[in-house]
Each structure stands twice: as C-alpha cells, then as structure tokens.
Amino acid sequence: MNAIFPLDPHPGVLVVGAGIAGLACARDLAHRGIPVTLLDRGRGVGGRCATRRVDGQPVDHGVAFLHGSDPAFLDALHSVPGATLLEGWPSRVEGTGAPCQPDAFAPNERRVAFAEGVTAFPKMMVAGLDARLVTTVVGLHAEDDLWRLDLAGGGTARARTVVLAMATEETLALVDGLPPGDLELEGARHLLRMVAASVPCLTVIAGYPTDVPAPAWDVAFPETSSILKDVVHDSAKRQDPRWTVLVIQAAARWSRQHAGEPVASWTQSLLSEGARLYGEWVAHPAWTQVRHWQFGRIESGNELSGPLVVEGAGGRTLGIAGEVFAEGGGVQAAWTSGRLLAARLAERTIG
Ligand SMILES: Cc1cc2nc3c(=O)[nH]c(=O)nc-3n(C[C@H](O)[C@H](O)[C@H](O)COP(=O)(O)OP(=O)(O)OC[C@H]3O[C@@H](n4cnc5c(N)ncnc54)[C@H](O)[C@@H]3O)c2cc1C
C-alpha cells in the first residue's frame, strides 16, 4: 500500500476526525509548533456540527445551536471572524420536553447560533491547518514504534502519534482491530466499551414556502410525543430565507426502532407527528431531505473525566478524544477533550 504523504512517517501527529474534538486538538498542537494533519471521511469539517446548503440556504441538521459555560469555549465561539453571531439563540422555546443536552438551558449556560450555520465555528478552527477530507481510515495497526493507518482506496499513513477523535463507536471500530495482549490498550478498550452508548437520531429537513404560518418559536421540545425529540425552526436563524425550514428530529428510542424502515416511511411519520403538534401545514413540505445520525449524541451522565493516552513500544502513542471524554458531553466537551489531549501529547516527546 502506498503512503499518502511525501514524508513517511509523518513527522508529528495524525488526527483522525475533523469534528470539534479533532479540530481543537489539532489547532492546539499546531500552536505549539507540532506538525499535525487531520484526516476526515467527510467533504467538510465539523462532523456532527453540520450545516448543509439547500437551494443556497444554510440548514443545521446536527446540533442546532452551540452552548456552554466555559469562558474559554465561549470566547472561541465569539471569535469567529466574518460570521453573524446570533447571541442567545434559541430565545423562543416551545414545550417542556427535555433538550438534547440537559444543561443547555441552565442559568449559567450561554447559547449562540450563526446566520451562516453552525459550521462557521469548525471552519474557523480549521483555518491554517492541514486537513485531508474525503479520507476514510479503515484500519489501525501497530508497526514497531509507529502506527499505520489504512485508508479506503488503498493508501496508508504512518506516524508515531495518532489521535482518534470520533464517536466512541467509530473509535472502537478501529481499536477493536488491534490484537489483544497490550495491557494499557486493553484498559482503554474496556473503558471505550463502557461509554459506547451514543443514541441515534433520524432527522427530516422540511422546506415550505415562506407564506406558511411559520411558528412563533425557535425550537420546540414537545412533552407529549414519543416520536419527536425536537423541532428546530431553522430558517429563524437565516437572513432573508428563501424557505421556511423545519429540522424535525426523532427521539432516540423511536429512531432505534424505525431506522431499518424505508426512508419514505419514517419521513412521513415525523411529518405527520409534526402536523399533529404544530399544524396541518407541517405535513405538506415543498421538499424534504433526511439525515440518519447513527451515533448522534450521548445521553449525559456517561462521560469520562478526560481524554485517553495509550503508550506503546518505542514511544508509539495513541490519543483518544471526543465528546464523551469531558464532563457534560456535547460540543463543549468535545472541544475541551481535544484541548486537554493536545496539552498531554505536547508534554511528551513527539516525532
Ligand atoms: C441531532 C443532534 C443533536 C445534537 N444536539 C446537541 C446539543 O443540543 N448540544 C450539544 O452540545 N451537542 C449536541 N449534539 C452533539 C454534538 O454535535 C457532538 O457532541 C459533537 O459535535 C461531537 O464532536 P466530536 O468531534 O466528538 O465528534 P464528531 O462531530 O462526530 O466528529 C468526528 C469526525 O470523525 C470523522 N470520522 C469518523 N470515522 C472516521 C473514519 N473512520 N475515518 C475518517 N474520519 C472519520 C467524521 O466524519 C467526523 O467529522 C447533537 C448531535 C446531533 C447529531
């Protein structure tokens, strides 16, 4: 298999996953002068902090807004250049159902969104970094004092330090391929299995002409539905939207039960439930798109206190970060875990 970098092994750190955790880690490593390259299977950065454009209009179809209480994280959110920050969004909340992150509406928590979409944040974080997109890592192997990553399509990349910054289940898929026997690795694998409890989320993005009776709320958390987790009035974040857009997200248990059904079937169910709750017009969108988040988010209370670092032969080091590796889960925890991991890796001799 051919190495994808001219320098083999890579002289610094390879970070798998350009979501918020991987970006935070890579950015801090780069600031410390450590060469770093991000690999991500996606066409853009951000992972579950995801915006797509529909008819030119941004639509956030993963996390709908960003929130936190850590001053450093809030500073980072407020320093996105050229983006229109919507301070305090969502301010109009309908219903008393549970939000995705229980802390999101706590008194000390601040919430923001971006008119350009939540990916304004990861796009800012990737500026100046070496990120290889559409690059899927399919295998992880130990080779003497190096890690070898096998890539879809046949290439390889080697480095002494590798960071895995993905949903826990995706990290496990790579780590489980490593042979047993290494005690430190076994410990990490055990911990990963304990916290691998991401919940799925079936999501329908529904577009309506702007003359529909658009809701007077930004986000609804229905308390009387076993089908819907939340409905986001996405176009309320946009300047002069062409479409009124709802992002309708199914409850975790319902998503798990219905994920195997035809897309048209669960799309119809989510639209019908939206119509029951918010008006008949919801059942008749001009267009729909869908997203099946297989590992959407974690139920809080399952997190570890910090990222993992596993040391192997000759200084070969594996770092593991992601939302489950800091208190509270969600975007802030992903960011915190990536930064903590960068600090721990920088303490070691790299390269
Ligand atoms: C519907 C939904 C609602 C949510 N609501 C909230 C909320 O209200 N508040 C909150 O704080 N958080 C919320 N979250 C969770 C939040 O989005 C995540 O906690 C956070 O974005 C996770 O960041 P991460 O970097 O840990 O992982 P990810 O964002 O998943 O990033 C991992 C990256 O790794 C890449 N990758 C995976 N496997 C491979 C591979 N084999 N090779 C190459 N690349 C790979 C992926 O493409 C991805 O870009 C929500 C998520 C969803 C889906």
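Every number for a ligand or one of its atoms is a count from 1 in the order of the listing.
- Contact annotation: Gly46 has at least one heavy atom less than 4.0 Å from an atom of ligand 1.
- The closest approach between a heavy atom of Thr135 and any atom of ligand 1 is below 4.0 Å.
- Those atoms of ligand 1 that come under 4.0 Å of a heavy atom in Ala21, given as number and element, are 25 (O), 26 (O).
- Using 4.0 Å as the threshold, Gln332 has no heavy atom nearer than that to any atom of ligand 1.
- In terms of heavy atoms, Asp234 sits closest to Val59 at OD2-CA, 3.4 Å.
- Listed by atom number, the atoms of ligand 1 under 4.0 Å from Gly330 heavy atoms are 10 (C), 11 (O), 12 (N), 19 (O).
- By the 6.0 Å and 45° rule, Arg316 stacks over the aromatic ring of Trp147.
- Using modelled atom types, one finds no donor on one side chain facing an acceptor on the other under 3.5 Å when comparing His61 with Thr51.
- Checking Arg48, Gln249, Arg132 against atom 27 (O) of ligand 1, the nearest heavy atom belongs to Arg48.
- The closest protein non-hydrogen atom to atom 26 (O) of ligand 1 is Glu323 N, 3.2 Å.
- If you take CZ on Arg256 and SG on Cys201, they are separated by 11.5 Å, rounding to the nearest 0.5 Å.
- With a heavy-atom cut-off of 4.0 Å, Arg41 touches ligand 1 through backbone and side chain alike.
- Remark: Arg111 does not engage Glu87 in a salt bridge, criterion side-chain N to carboxylate O under 4.0 Å.
- Side-chain contact annotation: Arg297 with Gln101, donor-acceptor N/O pair under 3.5 Å absent.
- Checking Gly62, Ser337, Gly296 against atom 51 (C) of ligand 1, the nearest heavy atom belongs to Gly296.
- Proximity of Cys100 to ligand 1, defined as any heavy-atom pair under 4.0 Å, is confined to the side chain (atoms from C-beta onward).
- For the pair Val137 and ligand 1, the shortest N or O to N or O distance falls below 3.5 Å.
- Counting atoms of ligand 1 from 1 in the listed order, those under 4.0 Å from a heavy atom of Gly17 are 33 (C), 34 (O), 35 (C).
- For Ala165, the closest heavy-atom approach to ligand 1 falls below 4.0 Å.
- The His67 neighbourhood of ligand 1 comprises atoms 7 (C), 8 (O), 9 (N), 10 (C), 11 (O), with distances under 4.0 Å to a heavy atom of that residue.
- Close contacts of ligand 1 with Gly322, meaning ligand atoms under 4.0 Å from a residue heavy atom, involve 26 (O).
- The Ile20 neighbourhood of ligand 1 comprises atoms 25 (O), with distances under 4.0 Å to a heavy atom of that residue.
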